[in-house]
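Worksheet: the structure to be examined is printed underneath.
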Amino acid sequence: MESWQLQLRRSLTEVKDLPDHFNMSVEDLFGVTQVFSMKITPYYLSLIQTVGDPLFKQVVPDCRELENHGLYTDPLSEDRDSPVANIVHRYPDRCLFLISAECASYCRFCTRKRKVGDSKKINRNLIHEGIRYIRDHSEIRDVILSGGDPLILSDQRLESILREIRAIPHVEIIRIGSRVPCFLPHRITPEMTQMLRKYHPLYMNVHFNHPAELTPLAIEALGRLADAGIPLGNQTVLLKGVNDNPQVMRLLMQKLLMARVRPYYIYQADMVFGTEHFRTTIRKGLDIVRALRGWTSGLAVPHYVIDAPGGGGKIPLLPEYVKKITDDSVVLRNYRGKTYVYKQTGDVSQHQLLNEDACFLKREQ
Ligand SMILES: *Cc1c(COP(=O)(O)O)cnc(C)c1O
Ligand code: SF4
């Protein structure tokens, strides 16, 4: 098999290199790639069957990326929650650590598309500042390596960062967020997984959006990671024309489980500038969750979340399974839409609590 370095070097980075049969207007798209980097590995390009198919849409630039629909360049206000360069510290006990500017390919819908591919905005030379910040903040027990894509770094570079983080006593777990198993499975070498397993407890969240991305090569790479004892989760972005369909989503989740990956999140698409054409309604997302829960293995049902615009963090969304709560009973709806009643306990001391829960539910609606 070709080395991952060579595969990466052969990636398409210019519109004029796109295959002729894509019939793309180079002049129109040049402006887009001036603003938002393009890169497509030859491997991922080879998976595209037809112009405009779900894989094509994820990586081939589109003129609509320059349209202004009132969306934001930094929809999650990550820059505001960045105490030092490369760290996003929003939650009490964990933080993101952006250690790489590059990805194996660039997703057209990326939340950090203002930054990825730009080594001035995600600066590798500032990594020691991030490590110092984590060392100085003893409340951080979970460090999430992100970027860009951390697995684009060389084994040596990645290991030097992992070693330093692992040496910090209050860091309990390390996570890596990566789309490399999807875009460049060649990168998941036996040498890399041997190296990673020295830094347990290490978790990895991968990023697959469509069942066609789970090729034999990708499944093999995921197997190597799982064999190294790394629990694998998957984060999917709900995208119009890619996976906004209950059957496609169910097949994706089932294929992930067969590849030893536990679905973790489905994200409602963030309000990222230039991605209006990817956004779906929330109802669509709820319909998809409803089509999963009960109809297939509970293991195949991820949490559906919205990352709140402005930096409020992830907020879970659930179809309505609780129809009514009173002191006497709870009226529930099952996955088939049938109604069931659960009698409350006669222990009145608990009723106060339940009422508070009910108010809480109401407020959330
Ligand atoms: C998503 C995210 C995390 C991790 O969230 P979990 O729900 O723990 O997976 C941490 N920090 C930031 C800023 C995030 O966006
Ligand atoms: S791999 Fe992740 S960080 Fe890189 S472009 Fe895609 S979504 Fe953005």
Side-chain angles (χ1 to χ4, degrees), residues 8 11 13 33 36-41 44 55 57-61 65 74-83 86-118 121-122 130 134 137 139-153 172-184 187 203-209 213 231 233-239 242 262-270 272 274-275 278 302-316:
L8 197 58
S11 294
T13 54
T33 54
F36 302 120
S37 311
M38 163 185 152
K39 194 197 293 178
I40 310 172
T41 56
Y44 197 79
L55 277 57
K57 285 198 171 92
Q58 292 185 63
V59 293
V60 178
E65 290 175 47
D74 178 15
L76 309 180
S77 303
E78 290 190 324
D79 294 339
R80 196 194 57 203
D81 280 343
S82 179
N86 299 5
I87 294 271
V88 184
H89 192 182
R90 165 164 306 151
Y91 291 107
D93 67 343
R94 56 205 187 281
C95 70
L96 299 184
F97 187 11
L98 314 183
I99 61 170
S100 158
E102 314 250 313
C103 300
S105 300
Y106 292 114
C107 310
R108 307 321 300 173
F109 51 85
C110 178
T111 298
R112 290 194 203 113
K113 67 193 284 188
R114 70 189 183 284
K115 281 190 166 183
V116 289
D118 187 338
K121 293 184 182 156
I122 301 179
I134 296 166
H137 286 77
E139 71 276 21
I140 298 175
R141 41 162 292 287
D142 174 2
V143 175
I144 301 155
L145 302 181
S146 182
D149 201 311
L151 297 189
I152 280 304
L153 303 181
E172 296 173 2
I173 64 171
I174 301 175
R175 294 195 244 179
I176 295 177
S178 175
R179 207 174 178 189
V180 154
C182 175
F183 283 143
L184 183 65
R187 172 69 186 100
Y203 290 74
M204 194 178 292
N205 274 324
V206 297
H207 177 172
F208 287 83
N209 289 332
E213 294 170 346
N234 183 69
Q235 321 201 75
T236 291
V237 185
L238 176 56
L239 299 166
V242 173
R262 168 80 160 92
Y264 180 51
Y265 282 141
I266 292 178
Y267 287 101
Q268 176 66 20
D270 289 329
V272 192
T275 66
F278 281 117
H303 303 284
Y304 171 41
V305 295
I306 293 193
D307 225 328
K314 297 173 184 69
I315 299 175

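Each ligand, and each atom within it, is numbered from 1 in the order the structure gives. Only a predicted model underlies this, so the values are computations on that prediction, with no experimental measurement involved.
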Output yes when a side-chain donor or acceptor of S100 lies under 3.5 Å from a complementary backbone atom of L153, and no otherwise. no
Identify, for atom 8 (O) of ligand 1, the protein heavy atom at the shortest distance, and state residue, atom and that distance. R94 NE, 2.7 Å
Within a distance under 4.0 Å of any heavy atom of V88, pick out the atoms of ligand 1 and give their elements. 13 (C)
Please list, in number order, the atoms of ligand 2 under 4.0 Å from a heavy atom of C103. 1 (S), 3 (S), 4 (Fe), 5 (S)
Nearest protein heavy atom with distance in Å, relative to atom 9 (O) of ligand 1: Y264 OH, 2.6 Å
Run the numbers on R112 and E78 for salt bridge (Lys or Arg N to Asp or Glu O under 4.0 Å), then give the verdict. CA-CA 9 Å; R112 290 194 203 113; E78 290 190 324; 2.7 Å; yes
List every atom of ligand 1 that sits less than 4.0 Å from any heavy atom of L96, numbering the atoms from 1 in the order shown and giving each element. 11 (N), 12 (C), 13 (C)
For atom 10 (C) of ligand 1, what's the nearest protein heavy-atom neighbour? Residue, atom name and distance, please. Y91 CD1, 3.5 Å
Can you tell me the protein heavy atom closest to atom 8 (Fe) of ligand 2 and the distance? C110 SG, 2.3 Å
Taking atom 5 (O) of ligand 1 as the point of reference, which of K314, H89, R90 owns the nearest heavy atom? K314
Atom 7 (O) of ligand 1 - nearest protein heavy atom and its distance: Y265 OH, 2.5 Å
Check: D149 side chain, R179 main-chain N or O, donor-acceptor pair, under 3.5 Å: yes
How far is atom 2 (Fe) of ligand 2 from the closest protein heavy atom, and which atom is that? H207 ND1, 4.4 Å
If we number the atoms of ligand 1 from 1 as shown, the ones under 4.0 Å from a heavy atom of R175 are 4 (C), 6 (P), 8 (O), 9 (O)
Taking atom OH as the centre, does Y203 end up with more than 12 heavy-atom neighbours from other residues, nucleotides or ligands that are less than 6.0 angstrom away? no
Residue and atom name of the nearest protein heavy atom (relative to atom 4 (C) of ligand 1), distance in Å to one decimal: I144 CD1, 3.5 Å
I'd like to know: is atom 6 (Fe) of ligand 2 within the 2.8 Å range of an N/O/S atom from C107, strictly under that distance? yes
Would you mind running through ligand 2 and noting each atom that sits below 4.0 Å from a heavy atom of R179? 1 (S)
Determine, stepwise, if the pair Y264 / N234 fulfils side-chain contact (heavy atoms from CB on, under 4.5 Å). CA-CA 5 Å; Y264 180 51; N234 183 69; 5.7 Å; no
Mind checking whether Y106 and K113 have side chains closer than 4.5 Å, heavy atoms only? no
